Amino acid sequence: MLASVRLNAVAMLDVFPHHRTSARRGSEEMMKSYVAAACAACLVAPVIPAAAEPAADIVLLHGRIYTEDARRSIAQGLALRGNTIVAVGTDHDVRALTGANTRTIDLGGRVVLPGIIDAHTHPAEGAQDTDKCSLGDKMMTPKEVHLSVSACLRSTPGDKQLWFEVVQVDPSSLTLTLQDLDSMLSDRPMILSGSDGHTAWLNSAALRAAHISAATPDPLAGRIERDAAGNPTGTLRDEAADLAFRVKPMPSLEIQAARLEQTFDAMRATGITSVQDAAVDENIMQIYKRLYDAHRLNMRVRGSFTLKNLHEPATTVVGRAIKFRAKWAIDPDFLRADAVKIFADGVIEYPSQTAALLAPYLDAEGHRTDNRGPSYFKQDNLDRIVAAADAAGFTVHVHAIGDRAVRSALDAFAYSRQHAGGTDNRDQIAHLQLIDPADFSRFKALGVIANLQLQWAVRDDYTVKATLPYIGPERARYLYAARSLRDAGALLAGGSDWNVSTFNAFEAMEHAITRASARGQEPLLPEQSIRIQDIVDAYTINAAYALKQEQTTGSLEPGKRGDFIVIDRDIFAIAAFDLHQTQVLSTYLDGHEVYAAKTR
């Protein structure tokens, strides 16, 4: 028996020749780990089907299957019956499950991964922007914005009875006056949406349609920018933008569902099989259910219901969430809303600066200001809300950008642990752009997941021009501190925050490792780089855990659902700067192929 294991180990190294050459990546330790992983795969218990056991429906052979199981084993073959994986192991093991009607797929050495799980994204909302005037998230001057909007108005003016909408406007370092906005369009409501998801600009016609005037108070979690006389300037921050979006005419539910269906098609083409929609409401859940009822969903969806009015009693705030969860408990495998979302702050970039900081922002000359960002809640009430949500069994999903918001969220979780007990709710904090180092260890201690969007961990305009000058070099050492969190024992989950940025996880993986936008570019804090295994874990088994579905997805093991992807290269063996070129050849969801590349 031991001899056969040794022979299998040698054979596996022949099947996976990249393990022999992985030292060229410059890490002897990594080479040893991959060889160990390959050998671990050889120790997968052989599959010996019972005499009466039915054959598999699908068998995959001759592959490099990264299982993401507890040992991070690598296998050659995989077998499915219905929507369930029934075997993972060597070709010999899996071939024993073939029958007359089994579909056999020769992978030809290609790599298989569990389906990608995006733990923080906005598919239904983002899908509605696909046919609008887009400025492409490019840093622009007011004049350049004007020229681009004018070009859109000439080419695709849309229905003049509806609002004219512009999306993906880069808000960093951008100031638009009401005169700027009215000069673009004056006789029809117009709204520009910032690519940060926290800024909107309205012309005078839109302000009137939304009934926003000098007499309109700021919402608790937002700000209406005003001139010296108190009149709105057209710029709305955070929840203030909701004043406009509530009255803006919406297309039919079927049109919204069709747009989402197209978005999910594109997501599956990059290997995504599960999503956590990070901010859902009644309309968004109706869009999902429209697809579900028509058998057009083809994506596992978990919704996080946005908690509003954080000044209200915890029983009131969480009571709304309990009713929402009950209404939208459609299908535990494919459509549910058992998480809640809390916005602890806004965004850090100038001129918005609505992220909550422990120390004040600096001005453009590096001098200390009096601005530490707004407070959208009172800490004692946030504590009670989080504890009530935990006690009700929700996953609490907190948006926190600034270090003060991160600390407030952790303090609320600490309160909850004391008063609501040691629940297993998979609470998480998303974004984590800036963290005080004293708080790194609290994630593990409190069982809080670090839900990271590492596509942003590069020296782009948002960081270089709109962030670094306003926080100073000392705090800048902890921007997107993925390595520090990992080393402190935090569980890392991966998310895109699409449509704020790409949903292609392989691009985010590249940035997580290189901390640079491309070859030859200066990295952002390279000491905060993490390994390929860390970031693959973040988008598979860790994200499954964050979504409370690790018993069925996130790894390729017998008994789990058939969610997996076939890709065109071994991402564990290539240079990190080539990760963005990874192509998905096939995507399987629940045992069915839901995407196949045309060039396959």
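Given the structure is predicted, the values throughout are model-derived calculations rather than measurements. Along the sequence shown, residues are numbered consecutively beginning with 1.
Using a 4.0 Å cut-off between a side-chain N of Lys or Arg and a carboxylate O of Asp or Glu, Lys138 and Asp461 do not qualify as a salt bridge. For the pair Asp293 and Arg290, the salt-bridge criterion is not met [side-chain N within less than 4.0 Å of a carboxylate O]. Comment: Glu282 does not engage Lys323 in a salt bridge, judged by the lack of any side-chain N to carboxylate O separation of less than 4.0 angstrom. A salt bridge links Asp218 with Arg226; the closest basic N to acidic carboxylate O contact falls under 4.0 Å. Ionic pairing of Glu261 and Arg259 is not present here: no N-O contact between side-chain nitrogen and carboxylate oxygen is shorter than 4.0 angstrom. A salt bridge between Arg302 and Asp338 is present, with a side-chain N of the basic residue lying under 4.0 Å from a carboxylate O of the acidic one.
Between Ser173 and Ala466 the shortest heavy-atom distance is OG-CB, 4.2 Å. For the pair Ser204 and Asp182, the tightest heavy-atom approach, listed with the atom from each and the gap, is OG-OD2, 2.6 Å.
Side chains of Leu176 and Glu225 form no contact here, defined as non-hydrogen atoms less than 4.5 Å apart. A heavy-atom distance below 4.5 Å is found between the side chains of Gln286 and Trp328. Leu454 has its side chain out of reach of His511: every pair of non-hydrogen atoms, C-beta onward, lies at least 4.5 Å apart. Ile348 is listed as a side-chain neighbour of Leu357, based on a closest heavy-atom distance under 4.5 Å. A 4.5 Å side-chain heavy-atom check between Ile191 and Val166 finds every atom pair outside the cut-off. Between Thr263 and Trp498 the shortest side-chain heavy-atom distance falls below 4.5 Å. Side-chain contact between Met299 and Val275 is present, with at least one heavy-atom pair separated by less than 4.5 Å. At least one side-chain heavy atom of Arg268 sits less than 4.5 Å from a side-chain heavy atom of Asn298.
With rounding to the nearest 0.5 angstrom, the NE2 atom of His399 is 7.0 Å from the CG atom of Asp238. Between the CE atom in Met267 and the OG atom in Ser496 there is a gap of 5.5 Å [rounded to 0.5 Å]. The OG1 atom of Thr467 lies 10.0 Å from the OH atom of Tyr462; values are rounded to the nearest 0.5 Å.
Side-chain rings of Tyr361 and Tyr470 stay apart, their centers remaining 6.0 Å or farther from each other.
Remark: the Asp277 side chain and the Tyr288 side chain contain an N/O donor-acceptor pair separated by less than 3.5 Å. Residues Ser213 and Arg208 have side chains that never bring a donor and an acceptor to within less than 3.5 angstrom of each other. If you check the side chains of Asn451 and Gln428, you find a donor sitting under 3.5 Å from an acceptor. Neither side chain, Glu507 nor His580, offers a donor N or O lying under 3.5 Å from an acceptor on the other. Counted by atom type alone, Gln168 and Asp170 present zero donor-acceptor pairs between their side chains at under 3.5 Å. Under the 3.5 Å distance criterion, with hydrogens and angles disregarded, no donor-acceptor pair is assigned to the side chains of Arg237 and Thr354.
When atom types are taken as modelled, the side chain of Asp196 and the backbone of His198 share a donor-acceptor pair closer than 3.5 angstrom.
Judged by the 6.0 Å and 45° rule, Arg300 forms a cation-pi pair with Phe334. Annotation: cation-pi pair Arg325/Phe394 present, NZ/CZ under 6.0 Å from the ring centroid and within 45° of its normal.
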- request: Please report the C-alpha distance between Gln549 and Ser274 in whole Å, then the side-chain angles of each, then the deciding distance to 0.1 Å, and finally whether the side-chain hydrogen bond (donor to acceptor under 3.5 Å, both in side chains) criterion is met.
  value: CA-CA 10 Å; Gln549 60 184 56; Ser274 294; 3.0 Å; yes

message: Could you go through Lys160 and Asp187, starting from their C-alpha distance and side-chain angles, then the distance that decides it, and tell me whether this counts as salt bridge (charged side-chain N to carboxylate O under 4.0 Å, His left out)?
response: CA-CA 9 Å; Lys160 293 189 177 182; Asp187 60 353; over 6 Å; no

Criterion side chain to side chain contact (heavy atoms under 4.5 Å, CB included) on Tyr376 and Leu220, from CA distance to verdict: CA-CA 6 Å; Tyr376 289 158; Leu220 180 67; 5.6 Å; no

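Ring-plane geometry between His120 and His122 is classed as perpendicular, the angle between the planes exceeding 60 degrees on a 0 to 90 degree scale with a lower cut at 30.
Under a cut-off of 6.0 angstrom, the local environment of OH in Tyr350 is sparse, with at most 12 non-hydrogen atoms contributed by other residues, nucleotides or ligands.
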